[in-house]
Engineer: 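Would you mind keeping the following structure in view while I ask a few things?
Reckoned from all heavy atoms, side chains included, excluding hydrogens, waters and symmetry mates.
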Amino acid sequence: CSSDLESSVYKEARVDVIASIGDGHLRFDFQGPWSHGSLIYERDSALLTVVDHLHKTVLPLTQDSQTFLKMMGAVASQKLRAKISGSGDGARVAFELASENARAFFNGAPALRDKGIRKEGFTCDGYRTDLGGKKAREVWVTVPQSAGMGTEDYDTLRSMVHQVVDLLGPELDQMGADTGTFLQGLSEPQLPVSEILYAAGRPSGRFRITGVKPREFGPGVFDPPADYQVLGMLDLVKTGVNGPP
């Protein structure tokens, strides 16, 4: 599956994403001006692996590491908010835009607006969410089978989404996002094929699937590069203080 993510406010903030899924594994490959990496997920072990192609590093996140990272994130998000409140206008505006996008993505009750329409080559239902009397989110979804995704693959995707959202919970809470309601909505199998987020009633971010095709995966597709430096949690703490190694 190939897709695009882009910001309507910061034109350089866009990324092309290729998602590969099969046999209880999921891999997202990101390529954009601000990012070049991969996120690999193994459902049985709940292992998340972050690959940074720019610095040629691999960070495996076991369940224990994720628990530690979540606690560290709660402290870091509080410090970040305090730091931003005392910084320049640019940083505050960027943080508020990110917060508004997070609320638009996670909060509110989507209302069905269109049923059985064509969007990005799929037959979709369209939903709209309003917050504070303004349009916050539009999303067009299809059933996973229509995109060639079986039940097992969708369960792998849903499992990873639960895990990542829980891992980022402290940061999202600081932004006012209601992740609990969002996660409850994943119980109904739906695959978003196009989505628009709004800030102050104007488009601020866009996502769309550009193509889906079946593929036979050879050995090693869901493995991180063997020649990259493997980091531990202590390395991550040092990186946060000193910058990338």
Engineer: Any luck finding a side-chain donor-acceptor pair between Ser99 and Glu96 under 3.5 Å?
Structural biologist: no

Engineer: Can you confirm whether Met175 sits close enough to Asn101 that some side-chain heavy atom of one is under 4.5 Å from a side-chain heavy atom of the other?
Structural biologist: no

Engineer: At what distance, to the nearest 0.5 angstrom, does CG of Asp114 lie from OH of Tyr127?
Structural biologist: 10.5 Å

Engineer: Going by heavy atoms in the side chains, are Ile21 and Thr156 under 4.5 Å from each other?
Structural biologist: yes

Engineer: When you measure from the side chain of Ser204 to the backbone of Leu197, do you find a donor-acceptor pair of N or O atoms at a distance under 3.5 Å?
Structural biologist: yes

Engineer: Are any side-chain N or O atoms of Asp125 and backbone N or O atoms of Gly116, one a donor and one an acceptor, separated by less than 3.5 Å?
Structural biologist: yes

Engineer: Kindly determine whether Ile40 and Leu26 satisfy side chain to side chain contact (heavy atoms under 4.5 Å, CB included), including the steps that lead there.
Structural biologist: CA-CA 6 Å; Ile40 304 173; Leu26 179 61; over 6 Å; no

Engineer: Can a donor-acceptor pair be found between the side chains of His53 and Ser38 at a distance below 3.5 Å?
Structural biologist: yes

Engineer: Are side-chain heavy atoms of Val141 and Val193 found at a separation under 4.5 Å?
Structural biologist: no

Engineer: Would one find more than 12 heavy atoms of other residues, nucleotides or ligands at under 6.0 Å from atom CG of Asp23?
Structural biologist: no

Engineer: Between the side chains of Ser3 and Arg208, is a donor N or O closer than 3.5 angstrom to an acceptor N or O?
Structural biologist: no

Engineer: Just checking, any donor-acceptor pair under 3.5 angstrom between side chains of Thr49 and Tyr41?
Structural biologist: no

Engineer: I want to know whether Phe105 and Phe182 have ring centres closer than 6.0 Å.
Structural biologist: yes

Engineer: Does Ala19 offer a backbone N or O that forms a donor-acceptor pair with the side chain of Arg27 under 3.5 Å?
Structural biologist: no

Engineer: Is a donor on one side and an acceptor on the other found under 3.5 Å between the side chain of Glu100 and the backbone of Ala200?
Structural biologist: yes

Engineer: Any side-chain heavy-atom pair from Val212 and Phe122 closer than 4.5 angstrom?
Structural biologist: yes

Engineer: Are Val17 and Phe207 side-chain neighbours, meaning at least one heavy-atom pair lies under 4.5 Å?
Structural biologist: no

Engineer: Lys119 and Glu138: salt bridge (charged side-chain N to carboxylate O under 4.0 Å, His left out), yes or no, with the steps?
Structural biologist: CA-CA 12 Å; Lys119 191 75 172 178; Glu138 288 182 298; over 6 Å; no

Engineer: Give a yes or no on whether the backbone of Ala46 and the side-chain of Gln66 come within a donor-acceptor separation of less than 3.5 Å.
Structural biologist: yes

Engineer: When you check the side-chain N and O atoms of Thr62 and Ser65, is any donor under 3.5 Å from an acceptor?
Structural biologist: yes

Engineer: Could you tell me the separation between the NZ atom of Lys213 and the SG atom of Cys1, rounded to the nearest 0.5 Å?
Structural biologist: 11.5 Å

Engineer: What are the two closest heavy atoms between Pro110 and Thr129, and how far apart are they?
Structural biologist: CA-OG1, 3.4 Å

Engineer: Between Arg128 and Asp130, is any pair of side-chain heavy atoms under 4.5 Å apart?
Structural biologist: yes

Engineer: Could you tell me if the side chain of Arg43 sits less than 4.5 Å from the side chain of Glu152, heavy atoms only?
Structural biologist: yes

Engineer: Looking only at atom types and distance, does a side-chain atom of Asn107 sit under 3.5 Å from a main-chain N or O of Gly176, one as donor and one as acceptor?
Structural biologist: yes

Engineer: Would you compute the distance between atom CG of Leu48 and atom CD of Gln163 and round it to the nearest 0.5 angstrom?
Structural biologist: 4.5 Å

